[in-house]
Amino acid sequence: MNNKTSIQGSWASRWIFILAATGSAVGLGNIWKFPYITGENGGGAFVLVYLACILLVGIPIMMAEVFIGRRARKNPINALTDLADESAGSKSWSIIGLMGMLSGVLIFSFYSVVGGWVLHYIKIMLTGEMLGVTSEQAGAAFGGLLEDPTTLLLWHTLFSIMTVVVVAAGVNKGIETVTRIMMPALFVLLLILLGYAMTTGSFGDGWNFMFHFDFSALTWNSALIALGHSFFTLSLGMGTIMAYGSYMTKKASIGKTVLTIGALDTLVALVAGLAIFPIIFANNMDPGAGPGLMFISLPVAFGQMPFGQLFGTLFFVLVGVAAWTSAISLLEPTVAFLVEKFKLKRLTATIGLGIVVWGLGIACLGSFNFLSDVTFFGKNTFDFLDYITANIMLPLGGILISLFAGWVVKDKFAQDELQLSDGIFKLWNISMKFTAPIAVAIVLYFLINPLS
């Protein structure tokens with residue numbers, strides 16, 4: 001049995017790990033993207049396909065990331081190096097960890113800009129600046145925000161500082177403390193907003209939009225969307241789950257824990273949809289507005305409804321909590337690496353990394369104003385970093401993790417951590433060797449070469 005411990009510390013309980021991993025998984029995409037793609041692709045029929053993809057692809061890869069991290073009790077690069085060495089494999093597999101951590105850093109650079117937008121909207125909803133605005137006025141307000149580098153820099157800096165402070169405080173005093181408070185708060189806010197949505201008179205419309213069973217709406221593209229989202233929603237391929245897994249107690253069941261995380265992540269996304277879409281339908285707005293739904297349509301809707309200022313503020317606080325907990329998890333793997341590899345103090349490592357990602361964030365926020373002419377392959381900095389991380393680096397990382405866990409790691413080491421029955425372990429092993437890498441490779445191909 002493996003009795004190693006991480007120098008970073010360990011979670012106080014299995015449930016803290018579940019909440020931390022769920023906080024990483026639940027992000028902006030859960031709030032607007034998943035509910036919308038559900039409604040547009042067959043409702044309940046799409047949910048069934050999505051859950052099948054979660055079980056066949058997302059959950060098995062997540063289990064692999066957790067057991068790799070827990071067995072080595074180190075950051076992703078060193079964990080992969082140690083386990084490859086233990087299994088008589090090439091240490092070159094550590095490139096998976098390097099690519100994952102780089103993905104997290106690049107994602108944070110533009111995610112913090114979006115997090116800044118959310119903080120700005122908490123402020124303007126709280127002060128009543130969006131009361132009674134029209135769609136045109138709301139669109140102009142959002143456009144004005146994007147064109148104002150000073151305001152963007154202020155909120156981007158604040159969001160970055162909020163994240164750095166938590167990560168610098170460590171696993172127990174920082175991440176765990178925030179998780180204990182913020183995740184229950186997120187669930188409570190979600191339930192409050194759900195209750196508010198039930199008073200709009202359009203709750204049935206929102207329910208029908210998301211849960212009507214329309215198998216005729218299911219297409220090959222629907223299955224591809226379900227498969228892609230099942231991978232991305234669990235924060236896979238960026239080293240986060242591997243790092244968080246290294247802090248997980250040995251006695252906790254990886255299988256049961258990961259299933260719980262997958263269930264909570266899906267539940268939050270579905271409840272978010274039931275909280276949002278009745279408000280949208282009550283105001284005769286387009287449910288397919290994408291990011292504009294959050295920063296244009298919803299502010300207008302809240303601004304025209306009873307108690308809209310209060311509940312609009314609560315909504316953006318909810319989104320802010322989701323963004324913050326996700327952002328924390330993006331920095332943790334690289335900070336753990338800097339501490340373990342170079343023996344840096346955690347405070348030094350976090351501040352140093354924070355300055356780097358803050359600087360990258362300035363380039364991203366500049367994409368909408370003073371750096372709008374700077375492009376990479378026809379995309380501004382914000383869109384380019386989004387594209388290469390989501391469309392290339394994360395799927396490629398998922399494929400490599402699957403192959404490493406299935407073909408390189410010795411079965412006895414995997415089973416020592418997973419503690420599955422023989423039949424379930426064989427199914428997991430087949431998923432790692434064949435199902436998951438092939439499925440994610442399909443996602444990768446169609447992300448680069450989308451269907452017309």
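The shown structure was predicted, so the numbers you read here are calculated from the model rather than taken from an experiment.
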Discussion item. Between Trp358 and Phe108, is the ring centroid distance below 6.0 Å?
Written reply: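 Judged by ring-centre distance (under 6.0 Å), Trp358 and Phe108 do not meet the cut-off.
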**Prompt:** Hey, would you say the Phe142 and Trp117 ring centroids sit under 6.0 Å apart?
**Reply:**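 Here the rings of Trp117 and Phe142 have centres that are less than 6.0 Å from each other.
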Is it true that a side-chain atom of [X] and a backbone atom of [Y] form a donor plus acceptor pair closer than 3.5 Å?
{"X": "Thr348", "Y": "Leu344", "value": "no"}
{"X": "Thr233", "Y": "His229", "value": "no"}
{"X": "Ser372", "Y": "Phe368", "value": "no"}
{"X": "Thr375", "Y": "Thr381", "value": "no"}
{"X": "Ser367", "Y": "Phe382", "value": "yes"}
{"X": "Ser90", "Y": "Ala84", "value": "no"}
{"X": "Ser10", "Y": "Thr249", "value": "no"}
{"X": "Glu176", "Y": "Ala12", "value": "yes"}
{"X": "Ser112", "Y": "Gly115", "value": "no"}
{"X": "Ser230", "Y": "Leu227", "value": "yes"}

Ignoring hydrogens and geometry beyond distance, is a side-chain donor-acceptor pair present between [X] and [Y] at under 3.5 Å?
{"X": "Ser24", "Y": "Ser235", "value": "yes"}
{"X": "Tyr121", "Y": "Glu129", "value": "no"}
{"X": "Asn30", "Y": "Asp265", "value": "yes"}
{"X": "Arg14", "Y": "Thr257", "value": "yes"}

So [X] and [Y], would you call those rings parallel, tilted or perpendicular, with 30° and 60° as cut-offs?
{"X": "Phe434", "Y": "Trp407", "value": "perpendicular"}
{"X": "Tyr50", "Y": "Phe34", "value": "tilted"}
{"X": "Phe404", "Y": "Trp93", "value": "tilted"}

Atom pair [atom1]/[atom2] of [X] and [Y] - distance to nearest 0.5 Å:
{"X": "Phe316", "Y": "Lys123", "atom1": "CZ", "atom2": "NZ", "result": "13.5 Å"}
{"X": "Leu145", "Y": "Thr151", "atom1": "CG", "atom2": "OG1", "result": "6.5 Å"}
{"X": "Thr157", "Y": "Leu153", "atom1": "OG1", "atom2": "CG", "result": "4.0 Å"}
{"X": "Ile261", "Y": "Tyr244", "atom1": "CD1", "atom2": "OH", "result": "11.0 Å"}

query: Is it the case that more than 12 heavy atoms not belonging to Phe370 sit under 6.0 Å from its CZ atom?
result: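 Check passes, neighbour count above 12.
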| said: Could you tell me if the side chain of Ile68 sits less than 4.5 Å from the side chain of Glu417, heavy atoms only? | reply: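 No, their side chains stay 4.5 Å or more apart.
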_So if I apply the side chain to side chain donor-acceptor pair (under 3.5 Å) rule between Asn75 and each of Lys341, Glu340, Gln8, which one comes out positive?_
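Looking at Lys341, Glu340, Gln8, the match for Asn75 under the side chain to side chain donor-acceptor pair (under 3.5 Å) is Glu340.
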Salt bridge or not between Glu65 and Arg70? Use side-chain N to carboxylate O under 4.0 Å.
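No, Glu65 and Arg70 are not salt-bridged.
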Contacts of type salt bridge (charged side-chain N to carboxylate O under 4.0 Å, His left out), residue Glu86, not counting sequence neighbours:
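Only Arg71 meet the salt bridge (charged side-chain N to carboxylate O under 4.0 Å, His left out) criterion with Glu86.
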